[in-house]
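I have placed the structure first, in the form of structure tokens, so that the comments after it can refer back to it.
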Amino acid sequence: MRSLAMSATVFGVVLGLGALGAAAGALTAPAAARRYGPGPMMLAALAITPLTQLPLLLASPGLAWQVTIGAALFVQLACAGAAGTTQRSIRQIVTTAGMQARMQAVSTWLTSGARPVAALLAGALGTWIGVRPALTAGTLLLLVPLVVLARSPIRALRQMPDPPAAALPSPPAARTSHPSVPTPARTDDARHDRSLGGDAP
């Protein structure tokens, strides 16, 4: 904000454009995945994301650059929303029902737990080498998920995967012995006849 002489109002509008982009990306992700395939669509989104950082790295004070940064943030978060929605859907599809909660807990722990550490490192790096070099380093780090995904089987995924087959219940154990038939209880009259020496019916 200081380097680009951006007011708080303009900064809020820029962030608002980014939020609209994230919503647009999430809403259009299912249609884009069906048309282009979830793998190629996510690869394209991850390839576009580092390019949207260029206006921020090259910007100077002025309204034109502010509009350009807002548009770039819209595209960046639209790509993030589309790729994020698709990869979460794939994770939920391929995870068995009994592991859904654990999978989501691990994912949330990794992403949310990394944010405060990343914010601390970004602030330290920005103070040490300057804001633009720190942003350049962040831009280069955006290439990491693209390389990882491009080297994985996801790149060839043309449709959403099938869910794992549900485990069939095991057949009940075969009975090895016949159930015992309860002996009818003797009546009081039968016990009385036996005490008199008679045969019980």
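By convention here, the first residue in the shown sequence is residue 1. These numbers were taken from a predicted model, which means no experiment stands behind them.
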Notebook entry, point to check: Pairs in or reaching into residues 64-78: which pass side-chain hydrogen bond (donor to acceptor under 3.5 Å, both in side chains), with residues at least two apart or in two chains?
Noted result: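 Qualifying pairs: T52-Q76, Q53-Q76.
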Locate the shortest heavy-atom distance separating [X] from [Y]; write the atom from each residue and the value.
X   : Y    : answer
T86 : M41  : OG1-CE, 2.9 Å
F74 : A24  : CZ-CB, 4.2 Å
P61 : S3   : CG-O, 3.6 Å
P50 : T139 : O-CG2, 3.7 Å
P55 : A72  : CG-CB, 3.8 Å

Clusters formed by hydrophobic residues whose side-chain heavy atoms approach within less than 4.5 Å: which one holds [X], and what are its other members?
X    : result
L27  : none
M99  : none
I69  : M1, L4, M6, V10, F11, V14, L15, L51, L54, L56, L57, L73, L77, V131, L135
L125 : W128, I129

Just to verify, what does [X] make a side-chain contact (heavy atoms from CB on, under 4.5 Å) with, not counting sequence neighbours?
X    : result
A78  : none
P30  : R34
L46  : P145, L146, L149
M103 : R91, Q92, T95, Q100

Item checked: Which residues share a side-chain hydrogen bond (donor to acceptor under 3.5 Å, both in side chains) with T108, sequence neighbours left out -> Q104
Item checked: Partners meeting side-chain hydrogen bond (donor to acceptor under 3.5 Å, both in side chains) with T85 (sequence neighbours left out) ->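 Partners of T85 under the side-chain hydrogen bond (donor to acceptor under 3.5 Å, both in side chains) test: none.
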Quick one: side chains of residues 155-162, donor-acceptor pairs under 3.5 Å with protein atoms, not counting sequence neighbours, listed by atom name and distance.
| from | atom 1 | to | atom 2 | distance (Å) |
| --- | --- | --- | --- | --- |
| R155 | NH1 | A150 | O | 3.4 |
| R155 | NH1 | S152 | O | 2.7 |

Next item on the list: Determine yes or no for a side-chain-to-main-chain donor-acceptor pair under 3.5 angstrom, with R88 supplying the side chain and G84 the backbone.
Entry: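 At least one qualifying donor-acceptor pair exists.
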